Amino acid sequence: MRTLVVAGHGMVGHRLVEVLRATDTEGSWRVVVLAEEPRPAYDRVALTSYVDGWDARALSLSGSDYAGDERVGLRLGDPVRRIDRAARTVTTAGGFRQAHDALVLATGSRPFVPPVPGHDLPGCFVYRTIEDLDAIRAAVERAMTTRRGRAAAMVVGGGLLGLEAAKALRDLGLSPHVVEMAPRLMPIQVDEGGGSLLRKLVTELDLTVHTGTSAERIEADGDRLSTKLTNGTELDLDLVVFSAGVRPRDELARDAGLAVGERGGILVDLSCRTSDPDIFAVGECAAVEGRCYGLVAPGYTMAEIVSAQLLGAEGVFPGADMSAKLKLMGVDVASFGDAHATTEGALEVVLADAVSGYYKKLVVSSRDKTLLGGILVGDAGSYNLLRPLVGRRLPADPATMLAPEGNGNGGVGIQALPDEAQICSCNAVSKGAICGAIVTQGCDSVAAIKTCTKAGTTCGSCVPMLSKMLDLCGVERSKAVCEHFAHSRQELFEIVKATRITTFGELIAKHGTGSGCAICKPAAASILATIDTTERNGGHILDGEQATLQDTNDHFLANMQKNGTYSVVPRLPGGEITPDKLIVLGAVAREFGLYTKITGGQRIDLFGATVDQLPNIWKRLVDAGFESGHAYGKALRTVKSCVGSTWCRYGVQDSVGMAIELELRYRGLRSPHKIKGGVSGCARECAEARAKDFGVIATERGWNLYVGGNGGTLPRHARLLVSDVDSGSLIRYLDRFLMFYVRTADRLQRTASWIEDMDGGLDHLREVIVDDKLGICDELDAAMAKHVENYVDEWRGVLEDPEKLARFTSFVNAPGTPDPTISFRVEREQKVPVLLGMPEVESR
């Protein structure tokens, strides 16, 4: 077995190992990866999203730790420092020496820091790694402790990375200034017209833009910084972030005597070999015939070429698609092909509307209207269709192709693309390959296509096209609730609402078959309960037929535990509780012998209650002012909060007050899945709001609303819906978000996957509930107002109704008889369940 050493473990280095592992079926190579960073490879393209939740795991690349693979060894935090070409060995910074049969340099690039006097002062940072962002965050927190007003920052560089950095700083609560030497933002990707609109749009989002100038010097000013720009502007700052481009990391190659490009980078041929045939270079450090590529897609192509070479196959670098599509602070920007019309005889077709906020340009050949390139700012919805057409004759008039959605596109769609057109440029996956995966390999969902082809697994911009490919190939994706209903949950909701059906029996008789099951009955019960509180005059979940539809938890308004007992979870809005109520909880737990635990959702759970004890326990709690916490239902659970401006020196808004208001407003709202919320009083995010279905984070000027997050088996970080809104607007948008979710999501679908599956995703959601694109906001507002008006505590309703109380017994024929199968043991001074067949253990 031969040994391959990979120097560097970024996205491209990992891709090389990943491809080699998959294709080296005979086990010809053992791979040793020597990484500079202290963590396995992660998604650096999505680095700015780290600010959303400060969870590095969310950026991890699948399988990048190579756990369980004996053929791959990974050494973190110990980069290669010396190459001995004659001995075919490398030596790391820690003195580790490794022999090799082949070596791949995947050292990436380093941030370029202009030689501005003062660039190395404390408070100056680069924007490249997770550790860089951690350092920036710490500096922001220090600045916030000393500044009474809003802290300020300067980003040097107005290109793609610079605007990404500015977004991160804005999300951290700073006022960013972007300084770009060129006369416009993103000068490589957009032209003068696109740059002008981009500047207008980002300025409206609280960025201050300085173009055609640069930093003359940076000076320390007490615990702050000051700078003077070459146009005479002076800025007082709390920190400076350099994000002015990158330079290839080619120092290893230089020291080893390998050829380097005229403008830097390790010189390689089209097979990615350096001047030493046993050494390859891939990614941003490689200069393919003298040119370096700063995007991940060309790096992935290089990795695949090198893998093929190592296994004896041929591979030639075919050139690179330098297209880019991104969303900067909610602003769409896309650039592809010959965006600046440098081709001889090129013509430009421009459609611009500053009022509506979009700029679109196509570059076509004068001879036959072949698409050469384009620029899209403000509305990049047509990017996925246009980019694969580069080099081909347009199937319709260029102006028609640029028309806004809804104004007609001449019937042009994905069907117009040839099979060889690339749908996913990051992973070089063609339309034909995706069609093949759907038709011949049975991929019937976007997730299945991702797994089979890797399309959509890097930047994700092609995911909407994958969904359309399923439709194009005739895949029918059933959303039927179950075998008894041919309708989706959303359709059943509309049927019940329109026909005013009030019972499951009537619903299945008229619109279903059979007698129902454990899937459709609870789903219908949730719909009926929701419409009762939002459209009618309310009703109890255990009234009449409704009681027979509930699952075990809703049937007894409590969560069943593993030994057949139940938990009691009273609502503690915002986690706030008085001493008197704490005493009541302690007294109840002691009287009924319950296990007590404080949860991550800022509640106190009481475990171990038998069915017949539940009414007596809740009688004590209701009399003390408690109400159901709905821990058993598909409904709002909690709205977690930090202490906010009431107590915390960092807090800028009353997070506790807002959390209590939201929890009381949405309590009892029946939904497709459980809902959790959080409110943080500042950008430090102590309430972990962005891990919730809805998260609210205080700013100096109001509130930021994030939606679509969750924990669980598939964690998601919530994404920004609106920013800096007042309390009234926040509640209005939240009302609409929750009611739209309740009405349109599938059964047991979390808000995260609901938004992901939505055509248009978060942008469409924003259009519906902020811009009222569908004209339904008044209806959503009214429905939520009706819910708030009709709310009645479910446990109080049980205690006031002898018929409902009668169901709370362990044995119908022997009321009051305890269940003999339930037993407990003592652990850490509290009782815990003993399961049948489980041996007794010593108390401790």
Side-chain angles (χ1 to χ4, degrees), residues 530 533-534 538 569-578 581 601-604 625-631 633 635-648 651-671 674-683 685-707 709 718 720-742 751 769-770 777 780-794 796:
T530 300
T533 61
T534 62
V569 189
R571 186 172 300 285
L572 302 180
E576 185 178 78
I577 186 169
T578 65
K581 285 189 174 181
Q602 296 182 331
R603 300 190 293 192
I604 298 175
F626 289 102
E627 63 180 32
S628 170
H630 289 93
L636 177 75
R637 297 294 177 86
T638 64
V639 180
K640 187 175 181 179
S641 74
C642 64
V643 297
S645 58
T646 306
W647 292 96
C648 180
V652 294
Q653 302 286 353
D654 178 13
S655 56
V656 178
M658 177 57 72
I660 291 172
E661 183 174 0
L662 296 179
E663 187 162 341
L664 294 180
R665 184 172 184 82
Y666 304 129
R667 57 188 169 177
L669 179 67
R670 295 283 165 167
S671 54
K674 63 185 176 184
I675 304 170
K676 296 182 180 181
V679 182
S680 288
C682 73
E685 250 285 71
C686 292
E688 301 166 330
R690 277 175 279 197
K692 305 294 191 291
D693 295 280
F694 64 86
V696 179
I697 301 179
T699 71
E700 292 280 358
R701 297 188 294 183
W703 306 95
N704 286 351
L705 173 59
Y706 296 81
V707 295
L720 184 66
L721 182 71
V722 292
S723 58
D724 292 327
V725 295
D726 58 40
S727 297
S729 298
L730 171 73
I731 292 172
R732 183 166 60 254
Y733 295 142
L734 250 180
D735 284 357
R736 296 171 182 175
F737 166 72
L738 292 173
M739 195 54 62
F740 191 47
Y741 165 64
V742 165
T751 56
I769 66 177
V770 177
C777 284
L780 298 177
D781 294 342
M784 186 60 78
K786 192 75 170 177
H787 163 76
V788 175
E789 177 188 348
N790 288 338
Y791 172 77
V792 176
D793 175 43
E794 290 174 354
R796 181 178 290 276

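Source: prediction; values computed, not measured.
- Separation of atoms CG (Leu730) and CG (Leu662) is listed at 6.0 Å; rounding is to 0.5 Å.
- For Ala683, there are no side-chain contact (heavy atoms from CB on, under 4.5 Å) partners at least two apart in sequence or on another chain.
- Contact between Lys581 and Ile577 at its shortest, heavy atoms only, is CB-CG1, 3.7 Å.
- Between the side chains of Thr699 and Asn704, no donor-acceptor pair is found at a separation under 3.5 Å.
- For the atom pair CD1 (Ile769) and CE (Met739), the distance works out to 12.5 Å, reported to the nearest 0.5 Å.
- In this structure, Leu734 and Leu705 have side chains that are in contact, with non-hydrogen atoms separated by less than 4.5 Å.
- For Glu663, the side chain to side chain donor-acceptor pair (under 3.5 Å) partners are Arg571, not counting sequence neighbours.
- Ser723 meets the side chain to side chain donor-acceptor pair (under 3.5 Å) test with no other residue; sequence neighbours excluded.
- Arg690 places no side-chain N or O within donor-acceptor distance of the main-chain N or O of Ala718, the cut-off being under 3.5 Å.
- Remark: Thr638 engages no residue in a side chain to side chain donor-acceptor pair (under 3.5 Å) (not counting sequence neighbours).
- Phe737 is linked by a ring pair (Phe, Tyr, Trp, His ring centres under 6.0 Å) to Trp754, counting only residues two or more places apart in sequence or in another chain.
- Shown here are the side-chain contact (heavy atoms from CB on, under 4.5 Å) partners of Ser671, two or more places apart in sequence or in another chain: Ile675, Tyr741, Val742.
- With sequence neighbours left out, Ala698 forms a side-chain contact (heavy atoms from CB on, under 4.5 Å) with Val652, Gln653, Trp703.
- Here the side chains of Leu636 and Phe694 are in contact, with some heavy-atom distance below 4.5 Å.
- The side-chain hydrogen bond (donor to acceptor under 3.5 Å, both in side chains) analysis of residues 674-683, with sequence neighbours excluded, yields the pairs Ser680-Glu685.
- In plain terms, the two heavy atoms of Asp654 and Ser645 that are nearest each other are N-OG, 3.2 Å.
- The heavy-atom pair separating Cys642 from Val656 by the smallest distance is O-CG2, 3.0 Å.
- Contacts of Arg736 classified as side chain to side chain donor-acceptor pair (under 3.5 Å), with partners at least two apart in sequence or in another chain: Asp781.
- Taking both residues in full, the closest heavy atoms of Leu720 and Tyr706 are given as N-CD2, 3.4 Å, listed atom of the first, atom of the second, then distance.
- Within the structure, every pair that satisfies the salt bridge (Lys or Arg N to Asp or Glu O under 4.0 Å) test and touches residues 726-735, not counting sequence neighbours, is listed here: Arg665-Asp735.
- Within the 3.5 Å criterion, the main-chain N or O of Val725 finds no donor-acceptor partner in the side chain of Arg701.
- Proximity of Val770 to Val722: side-chain heavy atoms (C-beta onward) are separated by under 4.5 Å at one or more points.
- Arg603 places a side-chain N or O within donor-acceptor distance of the main-chain N or O of Gly629, the cut-off being under 3.5 Å.
- Qualifying salt bridge (charged side-chain N to carboxylate O under 4.0 Å, His left out) partners for Arg667, counting only residues two or more places apart in sequence or in other chains: Glu627.
- Shortest non-hydrogen contact noted between Ala689 and Val679 is CB-N, 4.3 Å.
- Between the NE2 atom of His787 and the OH atom of Tyr666 there is a distance of 9.0 Å, given to the nearest 0.5 Å.
- At least one side-chain heavy atom of Ser641 sits less than 4.5 Å from a side-chain heavy atom of Gln602.
- Atom-to-atom distance recorded for Trp647:CH2 and Ser655:OG is 13.0 Å, nearest 0.5 angstrom.
- In this view, Lys640 and Glu688 satisfy the salt bridge (charged side-chain N to carboxylate O under 4.0 Å, His left out) rule, not counting sequence neighbours.
- Across Gly633 and Arg670, no two heavy atoms sit closer than the pair CA-NH1, 3.8 Å.
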